[in-house]
**Student:** 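Mind having a look at this structure? Questions to follow.
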Amino acid sequence: MQKNLLEIKDLKATVEGKLILNGVDLTIRPGEVHVLMGPNGAGKSTLANVIMGDPRFEVEEGNIVFEGEDISKEKPDARARKGIFLSFQAPEEIPGVTLENFLRASRAACSGKPVKIFAFKDELSENMKALGMDEAYAKRYLNVGFSGGEKKKSEILQLAMMNPKLAILDETDSGLDVDAVKLISENIARFRNENNAILIITHITKILQNLPIDYVHVLADGKIVKTGDASIVDTIVQEGFSSVLG
Amino acid sequence: MITHAKKIDRMPERTWSWLKVNTADIFLYAPEDKKEESVLIQASDKIEVRKDFTGVTFKTDPSKHLMNEEIESFIEQNSNIRYYIRIPKNHKEEEPIRITLEITDEYNVIGEDIVIEAEENSESTIIVEYRSKGKEEGYHSGRTRVLVHEKACLKLVRAQLFHDEVKHNDILGAQVQKEGKLTMIQAEMGSSGSTAGWNVLLSGEESEVNLDLVYVGEKEKKLDFTSRIEYQAAKTNGQVRARGVLLGKSKKILRDTLDFVSGSKEAKGREEEDVLMLSKNVRNISVPLLFCGEDDVQGEHAASSGRPSDSTLFYLMSRGLSEAEAKKLLAESKFAAILEEMKEEALKEEILSYLRVAIEEGGYMSEGF
């Protein structure tokens with residue numbers, strides 16, 4: 001049996017004393033695609049941020065194990081270097097740092113090796129083309145003046161360039177037009193292989209169309225209340241969350 | 001060595017004394033003998049370089065605003081580096097003129113007095129590097145006066161890269177005549193403390209100045225900057241941009257004055273400062289001042305300062321950058337808009353290396369992560 005990539009047990013997390021995650025259990029193995037759904041305020045983004053190590057959240061109980069190692073107390077950069085990637089719902093704007101330089105710095109930090117410039121540029125160009133991004137964006141300051149869609153593409157570009165073991169995509173499809181969702185979905189499918197895993201947080205199912213879904217989880221009131229196959233997505237789309245929350 | 005410690009008024013109008021912004025501490029150092037310290041000037045043979053100021057006249061000496069008679073006479077009596085540099089009329093100097101002043105353990109006092117005259121319709125870049133060797137205490141007191149004639153274009157890059165045992169005082173006064181343009185980039189990166197001031201008179205119609213300042217404060221360093229642009233003629237345009245990073249227990253003050261005097265119709269001015277504070281113990285004071293003696297002018301000022309937000313740091317760290325690397329990237333990004341105006345890649349990299357070292361040496365705070 002394949003080893004677990006991510007194993008979360010009884011995770012409880014608070015923000016400013018308020019309990020947001022109330023005992024989450026989740027196991028993800030390499031090669032799997034998981035979908036996390038749930039009503040607004042259920043704690044989906046909190047879970048994504050807590051896995052990444054956002055210091056605004058306090059882990060009160062439980063632990064997060066990645067490749068057999070407890071990372072609950074690790075800083076975000078250490079988690080990233082181990083192979084966890086979070087595509088942000090609202091990516092930060094960083095004036096003065098170009099997208100290309102940021103990607104190069106991230107690549108160097110994660111690999112621990114100097115980046116070979118020409119190979120890096122070729123790879124960047126190829127990935128930008130695949131995402132339908134104007135290559136001029138590489139020279140622009142990170143997310144500054146980017147439209148909502150370009151910001152999300154920039155996140156998926158970072159995913160492609162960093163090639164993590166676990167990609168968590170927090171509503172990467174929100175605010176995108178149908179063509180952009182399709183393009184992003186194709187690029188996520190391009191990234192997927194038997195050695196990595198994806199956790200997709202979404203309200204819209206279009207992003208899932210190119211992906212073989214292994215598990216769908218429904219999060220409500222800080223807990224995963226239902227886990228099943230892709231058919232849950234259709235049920236939720238047709239009948240709403242009440243149909244699965246009981 | 002003769003030393004004079006002085007407090008000098010640096011506000012155009014005095015304000016409450018408890019604000020402690022009215023005066024700057026000036027330390028003047030004079031060498032016991034007037035042996036010339038190490039200085040290197042590289043320029044083509046079209047550029048006049050001489051050691052006396054014979055025949056050099058300023059209608060109004062723009063540096064006077066930053067000193068009193070006592071300091072002026074001290075500089076005139078004690079300077080051991082005195083150069084007059086002239087870019088002739090209609091001449092375009094292709095390569096930058098380079099001036100390198102170096103403090104060493106043996107020659108540790110520099111009293112610098114330089115006059116630069118960019119004649120009518122000339123075009124040139126001058127790079128002044130202030131460097132030091134060794135580890136002993138050193139002292140630099142400088143006065144630079146610049147005259148930009150009609151339609152001349154002068155770019156002045158000044159990089160203060162002293163080691164942290166060097167005390168540094170600097171005054172620059174400039175006058176820009178009709179349709180002349182002065183661009184200055186000043187990098188205050190080294191020294192144990194800096195007191196620096198610039199005063200620019202836009203005396204000719206449609207004359208222009210762009211003053212850019214980058215600085216880093218670390219440990220217990222005190223930085224005292226004064227910048228003033230006087231708009232004397234119509235359609236003049238003067239802008240000041242300052243970008244700084246403060247660490248450790250450093251203290252910084254920037255008094256930044258735009259003075260639109262009578263006759264400056266349709267003049268435009270802007271002053272802006274952006275400071276990244278990477279320690280809870282730094283003190284940052286910005287004093288933007290606007291004076292209007294003419295009604296048809298545009299003057300703007302903007303100042304922002306703060307620590308990097310948790311969400312920004314989290315975003316950068318989620319991509320594998322350590323807290324120090326993330327802060328270095330944010331600090332470098334503050335300088336980016338100004339340094340991208342510099343073509344001298346090696347010098348630019350050296351300026352950034354001062355910033356990186358300051359952050360690596362632990363001046364940054366660690367919290368939350």
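Side chains included, hydrogens not; waters and symmetry mates left out as well; all remaining heavy atoms used. As the structure is a computational prediction, the values presented were derived from the model and not from experiment.
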**Student:** What part of A:N101 is in contact with chain B, defined as an atom under 4.5 angstrom from a non-hydrogen atom: side chain, backbone, both or neither?
**Tutor:** neither

**Student:** Could you tell me if the side chain of A:R56 sits less than 4.5 Å from the side chain of B:S311, heavy atoms only?
**Tutor:** yes

**Student:** Between B:S333 and A:P95, is there a donor-acceptor pair closer than 3.5 Å when you use the side chain of the first and the backbone of the second?
**Tutor:** yes

**Student:** Just say parallel, tilted or perpendicular for the rings of B:Y315 and A:F102, cut-offs at 30° and 60°.
**Tutor:** parallel

**Student:** Decide if the gap between the ring center of B:F314 and the ring center of A:F57 is smaller than 6.0 angstrom.
**Tutor:** no

**Student:** What part of A:L103 gets closer than 4.5 Å to chain B, counting heavy atoms only: side chain, backbone, both or neither?
**Tutor:** neither

**Student:** What are the two closest non-hydrogen atoms of A:A105 and B:L321, and how far apart are they?
**Tutor:** O-CD2, 3.7 Å

**Student:** Using only non-hydrogen atoms and a strict under-4.5 angstrom cutoff, which residues of residues 145-176 of chain A touch chain B?
**Tutor:** A:E155, A:Q158, A:M162

**Student:** Is it the case that atom CD in B:E340 sees more than 12 heavy atoms from other parts of the structure closer than 6.0 Å?
**Tutor:** yes

**Student:** Measuring from atom CG of B:L316 to atom CG of A:L142, what distance do you get when rounded to the nearest 0.5 angstrom?
**Tutor:** 7.5 Å

**Student:** State the CG-OG distance between A:N49 and B:S318, to the nearest 0.5 angstrom.
**Tutor:** 9.0 Å

**Student:** Atom CZ of B:R319 and atom CE of A:M52: how far apart are they, to the nearest 0.5 Å?
**Tutor:** 7.5 Å

